[in-house]
2 protein chains.
Amino acid sequence: MFFFTETPLSRRYPPGKLPEQRPGPAGGARARNRQQRTAALCDAALPLFLSRGLETTTVDAITQGAGVAKGSFYRYFEDKEQLVATLFAPFAEALDAALDGCAEAIEAAEGPAALFGAYEALAGDLAAAFTLNPEVVRLYLQEHRGPDEGARRPIRTLASRVREGAISLTEAAHARALLRPLPPAVTALAVVGAVEAILAAALEGELAFDPPSVIQSLVDMMLKGVAAD
Amino acid sequence: MFFFTETPLSRRYPPGKLPEQRPGPAGGARARNRQQRTAALCDAALPLFLSRGLETTTVDAITQGAGVAKGSFYRYFEDKEQLVATLFAPFAEALDAALDGCAEAIEAAEGPAALFGAYEALAGDLAAAFTLNPEVVRLYLQEHRGPDEGARRPIRTLASRVREGAISLTEAAHARALLRPLPPAVTALAVVGAVEAILAAALEGELAFDPPSVIQSLVDMMLKGVAAD
DNA sequence: AGAAAGCGTGACCATGTAGTCATGTTTTTC
DNA sequence: GAAAAACATGACTACATGGTCACGCTTTCT
C-alpha cells in the first residue's frame, strides 16, 4: 500500500540540478536526500519571497531558513531563477494538464451542454491546483507582472501560458457561438483579471465571505457578462 | 497669458525634501532648480523601474540616468521610497479627485440616469488620469501587489485607495438597486481586476484593437455582468 | 556687501551579497 | 574494499550598493 502514503506526484518538486556521473540509483540515498534538500530550500524560500519580494530575498536568507549551508544551495540549484522554476513546476504542470484537458474536451464536445461541462471541469481542476499550494499562487499574483528578468522569468512564462490558454479557450467558445460578440482576447483577459483580483483578495484574507459563495457570485457575474443569451 | 504655458498642476511633481531655513522665494532660482532636478530624477527613474523593477533599480543608476551626482539624489529625496511617492503624487491626486467627484455626484443624483452619468464621468476622469502619464500606470500595475515594504509602500497605499474607492462606489450603486444582488466587494474587485488586466495588456501593446473599441467591449461586458436588468 | 544657508560633486566608507573552494565525510560503482 | 564521485560546510573573495562628507560654488537674506 505504499502508493497511498506517497505525496501526489504533482506536489513533488523536480530536481533542479543533477550530478553528471553518479546521480545514484532511483530511490537511493542520494535521490532521497536530493528530494528532501530541494524541498527544504523551496519551502524556506516561498515565505521569504512573499514577505520580502522575489528579487530582494537573498540566497543567504534562504539557506538560513532551510538550515543548510550556503554551498548546498549551489549544489542543488544553478541560481535563484532555477529555484523559482522548481517551486512553480508542480503548479505549472497542473495548470497545463487542466488547460490541455479542457481543450480536448472542447474538441470532443457535441452540444452546448458538453461545452459548459468542459469549462466547469476546468474550473474544478484549477481550484484543485490552487488548493495544492495556495502560497505559490499568492507568489504568482504578486510577481507575475514584474519585469521578465532574472528570477522572475519562470513566473512570466507561466503568466504567458495562462493568458494564451485563456484566449484560446475563449476563442473556442466564441467559435461555437457560446459567447456574446466581443473580441475573444478582451473577454479572456477581463475574465482572467477578475478571477486573479478576487483570488488575490481572498488569499490576503480581505474578503469577508466564504469561498463557495464568492465563487458562486463570480461565476454568476461572468456568465451574465460574457455568455450569449 | 503665462498660465497657458504652465504645465498643468497635476503633472507637476511636488518637492520631496525641503531645506529647513532658506528654501528660497517661490518662483526663485532655488524653487525652479528644485522642480527641475526633482523632475529629472523622477523621469530618469521611471523607465528604470519598468525595465529592472522597483527594488532592483539602484540610486546610482537613477542619478546616472538623470546626469547628476549621487549626492544630489539625497539632497532632494530622503530615499527611493520618497522618490516613488513623488512620482505617483500627480496620479494619486487625480485619482482622489475623480473618486471624490464621483462620490459627490452620486450623493446628489436623483434618478438612475444621473447615477450612470456619475459613473461615466468617473470613467472619463480615470481615462484622463491614465493618459496623463501612462508609464506611471504601467509601474502601478507592475508593482501594486508586491510586499508593502520599502520603496513599494506608496504604491500599495495607492492600491488600497483604489480598492476602497471602488468598493464604496459599488456599495452606493448597490444601495440604489442599480446592481444585481451580488456582494459589492466581489463585484468591485472583479471589475477593478478586469480593467487592470485589460489596461496592462493594452499598455504592453498586446491588444490588437484600438482603445475605443476595447473600452466599448469592456464596458458592454461589465454592464451586462454587473448591472441590474 | 557679507555672512549664512543651500547646492553640486564624486571620492569614500561600511555593509551586504553572489558565488567559489578547500576540507572532511558519505555514497556509489566496480 | 577501494577508487571516484557526490555531498555538506562555512570561510573567503570580489564586487556592488546605500549613504556620507569635505570642498568649492551659488543663492538668499539682512
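All heavy atoms count here, side chains included; hydrogens, waters and symmetry mates do not. Chain A is the first sequence line, chain B the second, and so forth, proteins listed ahead of strands; every chain is numbered from 1.
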Spell out yes or no: do the side chain of Arg22(A) and the base of dT29(C) have one donor N/O and one acceptor N/O closer than 3.5 Å? no

Just call it for Phe77(A): base, sugar-phosphate, or nothing, with non-hydrogen atoms closer than 4.0 Å on any strand. nothing

Is the base of dA18(C) touched by the side chain of Lys80(A) through a donor-acceptor pair closer than 3.5 angstrom? no

Select from Gly28(A) and Asp79(A) the residue whose nearest nucleotide in DNA chain C is closer to the 5' end of that strand. Asp79(A)

Leading and trailing nucleotides of DNA chain D with any atom under 4.0 Å from heavy atoms of chain B: dT17(D) to dC29(D)

Sequence neighbours excluded and cut-off under 3.5 Å, please list the side-chain donor-acceptor pairs for residues 130-137 of chain B, or say none.
residue: Thr131(B); atom: OG1; partner: Ala127(B); partner atom: O; Å: 2.6
residue: Glu135(B); atom: OE1; partner: Arg138(B); partner atom: NH1; Å: 3.2

Per nearest nucleotide of DNA chain C, the residue lying toward the 5' end, Gly71(A) or Thr56(A), is Thr56(A)

Inspect the contact between Glu143(B) and Arg156(B) and indicate whether a charged nitrogen and a carboxylate oxygen are less than 4.0 angstrom apart. no

Answer yes if the side chains of Tyr74(A) and Asp79(A) hold a donor-acceptor pair under 3.5 Å, and no otherwise. no

Of the candidates dA18(C), dG6(C), dT9(C), the side chain of Arg37(B) sits closest to dT9(C)

Using a 4.0 Å heavy-atom cut-off, does Pro23(B) contact any base of the nucleic acid, only the sugar-phosphate backbone, or nothing at all? nothing

Testing the basics here: between Ala66(B) and Ala40(B), what is the closest heavy-atom pair and its distance to 0.1 Å? CB-O, 3.7 Å

